[in-house]
Amino acid sequence: MRRVRLLCGLTLAGIVFLGGCGKSPADQAREATTTLASWKATLRLLEAQEARGVVPEAYAGQVRRAAEEEREKATAELRKAGSR
Amino acid sequence: MSKLFEIALGVITGIGGFLEAGSLTTAAQAGAAFGYQLIWAIAVGTVCIAFLVEMAGRLAAVSRHALPDAMRERFGIRFFLLPLAAVALVSFLVLASEIGGVTLALEFATGISHRWWAIPTALSIWLLLWKGTFGMVEKGTSMLGLVTLAFVVAALTLHPHPAEVARGLVPRGPTHDAARYWFTAVSIVGASVSPYLFYFYSAGAVEDQWDEGYLTINRITAGVGMTFGGAVAVAALVCAALVLHPQGIQVDRFEQIPFLLTSPLARAGFWLFVGALFIACFGAALEIALQLAYLVAQGFGWRWGENLQPREAARFALVYTVVIPLAALVILSGIDPLKLTVISMALTALSLPVTVVPLLILMNDPQYLNEHTNGWVSNVAVLAVSAIACLVALVALPLEILGS
Amino acid sequence: MLIGRDILDQQVVDRAGRLMGKVDGVVLGPPEGEDARIAGIVIGGTTLLWRIHRGLARWAERKLGGEGRATFVPWAKVTKIGIDIKVDVDAPRTRAFHWENWVRDHLIGRIPGA
Amino acid sequence: MTPPSGVRLERLLGRLVRDHLGVSVGRIEDVVAEPAGDAYRVTHVLVGPDGRLAQLFAAGYQLPTLRALGLGRKPRIRRLPWSWLELSDPDRPRLRAEVA
């Protein structure tokens, strides 16, 4: 029984390691820039719909707050990827 | 006449009960990031859940056992504990995701942060189970769930090219960002093949006292109901593919998903989205909390039944009375609801072999199904989807958790 | 008839049709001698633990000093073996309902509209 | 009523049976009982494979798809008379000496 448990432990560690190193700095940088671009486009779409009175004002505020939070995270990631 | 009513009801349950936090967010993410490329994942998930729901209904109609009851009896307590723990954990996470969906709908509608809504939402879910009957939970949620058809209306107003949508049905590899593609595919399958859907369905068949006479109704309900449900999920994907994908918007937060309906349907679209999200997630939360109570009560032989007064099935009532506030605490803790939902869907896919194989074994056991055991098609289809989904999740999940 | 397949882990239903637990254990007696018979079924207590983890079961029985609230139903009181095991017993008065009654009286019963 | 003394079936299932020389005979799968008047008399014990691989294949046997892929094999179950068993220590069932 010990052998089986050891085997499972090894494969699990292998998979987590494989997963972990999948994210090279270049990947992280690219992903962060796409996220930044995505949120810029989100805000553009929001402004267009706000102009036509499609979305209530409270919701628009929430989208802007979410955009701010995600952009901070993305820029931090970009800086981290850049320095690595 | 009543058989026709039962069929109509069954189909409505399929449509109304299908779309919830998981299938909506994964469809929106897939459409936004990969356009029509992942429609095949919804199709695969829908076929698989249609088979599983039909099997669970057939098991209940022929053997008069709901799924947990039959599993404990057939496999004994030792081999019952593993699927019990897996289904309970996954269902709990999905319950928290559904409560998250409800609180976000309330946040969009009122501007008050979703964390303030966690406790009131938990209280109202609990109150409906405390006072309600099984029929009310099942039929009420699916009737109201028809509001999710708003996504079909929105998709049609965006005039998608039928040929391109059809091409999305053909399984293919990703054109870019392979890791995210496979993770989204597996979370779509996890969202469609949620264990609570067929566990709850089997409990419903027993509560409604189904027998062999219901086998045709069961097949129609499962087939037509789930296919329509899948179509609603495809509609949500199409909306994301036409509204977000061209702008290069990828879905990282719930706040981006309302655009699916506000672009095509303007102001009405916004309130339809809030209504659809609220009702779909609220209905799913009711079903999951109830299913968790069935799971534990039937596993240990306690008195159970939503039609009984809480006093008459005290431990059954205790399970959902404890589980609902716990799930609300997860939302209260400030976890990002979208990330919680998507990870829960991938974990559902990871646990598929453990939650599905016991049902497959039961469906091939003449002791329970007499002459109504499974054909090889459903056996192979469900086993293949479960095995592949589990393997892909095993690789994709660490990548996603470590990546974000 | 296979005792494990047909009796063990089956749903037990009392005289009035109330579900009172699963068959967690079956007692075969007398242990020695030629004609061992099914003496009866056991519900609840530490019985389940023996099938999950023997060490845990021994520890629990040492702490509880016995089998806890295990309920024994003699075979003579088993009236039917089918989809469920029907027993000629009044469940609320047996120990199998101890926790059901306790939860009803101390927790669920206290909430209005129970 | 507290359970009387006697052999507990749920603790027998899955136990390894050894003959009087200590050689493994297999694991107890189930116990057979026949009606005798109102009661049920215990007549046989079903002993299945012991090896971990054999048990895995026995599990696979329950799914037609795995059977078709050759991942399932019907386990060899033997019916031994209940009287052959010596259960002084229920955790280590043994076959009686005179039986071998």
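Lettering of chains follows the sequences in order, A, B, ..., and the numbering in each one begins at 1.
The pair B/Glu255-A/Arg65 does not meet the salt-bridge criterion, since no charged nitrogen lies less than 4.0 angstrom from a carboxylate oxygen.
Looking only at side-chain heavy atoms (C-beta outward), B/Gln256 and A/Val63 stay at 4.5 Å or farther from each other. A heavy-atom distance below 4.5 Å is not found between the side chains of B/Phe108 and A/Pro56. Taking 4.5 Å as the limit, some side-chain heavy atom of A/Trp39 sits within range of a side-chain heavy atom of B/Arg253. Inter-residue side-chain proximity for A/Leu45 and B/Phe259 is flagged as met; some heavy-atom pair is nearer than 4.5 Å.
Interatomic distance, B/Gln250 CD to A/Glu70 CD, rounded to the nearest 0.5 Å: 9.5 Å. The NZ atom of A/Lys73 sits 8.0 Å away from atom CG of B/Asp252, with the distance rounded to the nearest 0.5 Å.
Looking at B/Leu244, only its side chain comes within 4.5 Å of chain A, counting heavy atoms on both sides. For a residue to count as touching a neighbouring chain, one of its non-hydrogen atoms must lie under 4.5 Å from one of that chain's; by this rule A/Ala58 touches chain B with the side chain only. Using a 4.5 Å cut-off between heavy atoms, A/Glu69 touches chain B through its side chain atoms alone.
In this structure, B/Phe75 places its CZ atom where more than 12 heavy-atom neighbours from other residues, nucleotides or ligands lie under 6.0 Å away. More than 12 heavy-atom neighbours from other residues, nucleotides or ligands sit within 6.0 angstrom of CZ on B/Arg172.
Between B/Ser263 and A/Gln49, the side chains place a donor N or O and an acceptor N or O closer than 3.5 Å (distance only, hydrogens not considered).
For the options B/Gly269, B/Ala109, B/Ser113, B/Pro258, heavy-atom pairs under 4.5 Å to chain A are most numerous at B/Pro258.
With hydrogens and angles disregarded, a donor-acceptor distance shorter than 3.5 Å links the side chain of B/Arg267 to the backbone of A/Gly53. Checking side-chain atoms of A/Gln62 against main-chain N and O of B/Glu107 turns up a donor-acceptor pair under 3.5 Å.
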